[in-house]
There are 2 protein chains.
Amino acid sequence: MHQHIRVTVEAVIFGYNSRDGLSVLLVKRTIPPYIFKWALPGGFASNDEPLEVCVKRELRTETGISINYLEQLYTFGAPDRDPRGRFLAVAYFGLVRPTALQTKPKPVITSAFPLGSVSDDREARWCKIQELPQLAFDHNMIIEKALTRLRNKIRYEPIGFELLDSKFPISELEKLYETLLARPIDRRNFQKKLNSLGILIAHDEKQKAALQGRPAKLFSFNEQEYSKLREEGILFEI
Amino acid sequence: MHQHIRVTVEAVIFGYNSRDGLSVLLVKRTIPPYIFKWALPGGFASNDEPLEVCVKRELRTETGISINYLEQLYTFGAPDRDPRGRFLAVAYFGLVRPTALQTKPKPVITSAFPLGSVSDDREARWCKIQELPQLAFDHNMIIEKALTRLRNKIRYEPIGFELLDSKFPISELEKLYETLLARPIDRRNFQKKLNSLGILIAHDEKQKAALQGRPAKLFSFNEQEYSKLREEGILFEI
DNA sequence: AATAATTGCGTTTATGCACCACATTCGCCC
DNA sequence: GGGCGAATGTGGTGCATAAACGCAATTATT
């Protein structure tokens with residue numbers, strides 16, 4: 001008997017800012033099944049492209065978002081996960097900087113919505129992780145898996161930086177970790193740890209427009225130093 | 001244009017003993033492409049089964065090995081990874097106990113061979129990871145990925161136990177970790193750590209047939225206690 | 001009975017983490 | 001301008017845990 005399995009790629013894209021916490025990028029479906037339901041951006045895999053290229057293309061056309069980090073998450077293949085028949089979903093997991101969060105994600109097909117407008121027929125949006133609606137297919141489960149991966153991975157790989165602007169105050173990084181790990185972190189020990197690792201580059205600039213209090217120094221992630229440490233077997237751990 | 005992507009499942013099955021170190025289960029291909037080359041056990045995904053069920057079935061029919069732990073590893077989808085056309089390989093990652101390593105893996109496929117027969121033209125075997133030949137397709141790369149996963153995972157999840165007999169001396173576990181992490185571990189601290197976690201059950205039995213030296217007490221993994229600790233947020237770390 | 005090998009348990013030293021104290025630098029208000 | 005609130009930068013201390021090391025106990029071998 002001949003094999004008949006179709007393949008889609010899906011993307012769980014996380015964004016973060018200190019006001020809203022963690023958000024996920026969603027698109028509204030325009031065709032059945034699950035028409036008008038929110039879903040993960042994604043679509044059919046093409047016959048000749050690498051899977052990762054497919055995801056990036058779908059993301060670009062469906063949301064116009066430029067991603068900062070992308071890795072494969074998991075392949076979902078339950079026989080009944082799609083009413084149309086047997087579908088594999090190769091899910092990816094991505095991160096964007098806060099600047100991408102501020103701009104409204106918009107399909108490139110339609111002309112741009114004015115920034116900040118909230119129209120009911122919009123087709124892509126950021127949704128806070130705590131406020132996720134019921135999504136199409138098994139997409140809630142996919143996000144759950146991506147969240148678990150994110151929470152585990154930031155503890156031993158420096159991917160948290162990918163969720164912040166390239167220059168950031170340490171307190172921002174700390175708040176990010178507190179949000180994701182759901183536990184308080186000692187400000188001073190956190191700073192001391194990062195300083196002793198030497199994977200931060202201090203800048204002369206200072207944070208502008210702090211709401212109140214002393215403006216913080218800005219830092220950026222020292223990728224060179226990190227890969228050097230990695231080779232020496234010293235690992236990042238929070 | 002219509003999508004035409006076929007799907008296979010592949011399994012990287014690891015076995016361990018203190019004499020040979022880590023080994024991988026291989027099967028010899030009997031059809032082109034790569035005919036007579038060694039490859040990972042696997043095959044076409046069926047239309048209506050969950051992927052994991054497919055892998056287990058293929059493993060049973062191709063090698064007769066009973067596996068002890070199985071999880072999804074990664075989906076390989078480079079457009080040129082199979083000369084026959086576009087193929088996705090959903091790779092799984094599994095572990096067996098040493099008893100499975102001692103018995104020669106044998107295909108149960110054809111009715112031509114009686115079940116227990118061990119013919120010289122056998123098509124499945126264990127291969128030490130240091131002695132891997134060039135395999136069919138991208139299977140060397142798949143094993144590389146599985147190895148990385150194994151080495152990382154044993155550090156924070158108790159899957160090392162799945163590579164040992166259900167009752168084992170602590171020194172066996174320690175040697176396993178030394179082999180996989182490729183660094184020496186202090187015997188006494190290792191033992192203390194496991195004892196303080198309380199995830200080992202001590203047995204009255206002692207190791208039989210030690211080559212020399214004092215026979216060691218036998219222990220087994222306390223799954224109940226481990227899942228209890230897990231719920232309390234205390235995690236396993238070596 | 002001496003020796004080698006390996007296990008089991010204890011002691012000391014170093015490191016990391018929770019917690020405290022205080023100076024510094026900004027905005028804001030009087 | 002000076003005091004105040006709020007947040008950042010930097011130093012330090014005590015405790016718990018991990019790393020490093022010592023040594024006796026148990027077995028096979030000779």
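Values below: every heavy atom of this structure, side chains too, minus hydrogens, waters and symmetry copies. Note on naming: letters A, B, ... go to the chains in the order of the sequence lines (proteins, then strands), and numbering restarts at 1 for each one.
Not a single donor-acceptor pair under 3.5 Å links the side chain of A:D138 to the backbone N or O of A:M141. At least one donor-acceptor pair under 3.5 Å links the side chain of A:N140 to the backbone N or O of A:L135. Remark: the backbone N or O of A:L218 is not paired with any side-chain donor or acceptor of A:Q207 at under 3.5 angstrom.
Every residue two or more places apart in sequence or in another chain was checked for a salt bridge (Lys or Arg N to Asp or Glu O under 4.0 Å) with A:R230, and none qualifies.
Here D:dG9 presents its P atom at 13 Å from CG of A:L173, a figure rounded to the nearest Å. A straight line from NZ of B:K175 to C1' of C:dT6 spans 9 Å, rounded to a whole angstrom. In this structure, the CG atom of B:N189 is 15 Å from the P atom of C:dA14, given to the nearest Å. Taking atom CD1 of B:I185 as the reference point, atom P of C:dT6 lies 17 Å away to the nearest angstrom. Distance CD (A:Q207) to C1' (C:dC26): 11 Å, rounded to an integer number of Å. With rounding to whole Å, B:E174 atom CD is found 13 Å from D:dA19 atom P. Remark: P of D:dA19 and CG of B:L194 are 12 Å apart, rounded to the nearest angstrom. Atom CD1 in A:I170 sits about 9 Å away from atom P in D:dT10, given to the nearest Å.
Set against C:dT7, D:dA19, D:dT8, the side chain of B:R187 has C:dT7 as its closest nucleotide.
Remark: A:Q212 is not in phosphate contact with C:dG27, judged by side-chain N or O atoms under 4.0 Å from OP1 or OP2. Taking only side-chain nitrogens and oxygens, A:K193 comes nearer than 4.0 Å to OP1 or OP2 of C:dC17.
With DNA chain C read from its 5' end, the first of the two nearest nucleotides for B:E172 and A:D186 is the one closest to B:E172.
Within the 4.0 angstrom heavy-atom criterion, only backbone atoms of the sugar-phosphate kind lie near B:S171; the bases stay farther away. Among the heavy atoms of the strands lying under 4.0 Å from A:K206 are primed sugar atoms or P, OP1, OP2 only; no base atom is included. Among the atoms of the strands shown, base atoms are found under 4.0 Å from some heavy atom of A:K192.
Judged by distance alone, the side chains of B:E71 and B:Y69 do bring a donor and an acceptor atom under 3.5 Å apart.
Judged by distance alone, with hydrogens and angles left aside, A:R214 brings no side-chain donor or acceptor close enough to the base of D:dG5 to form a pair under 3.5 Å.
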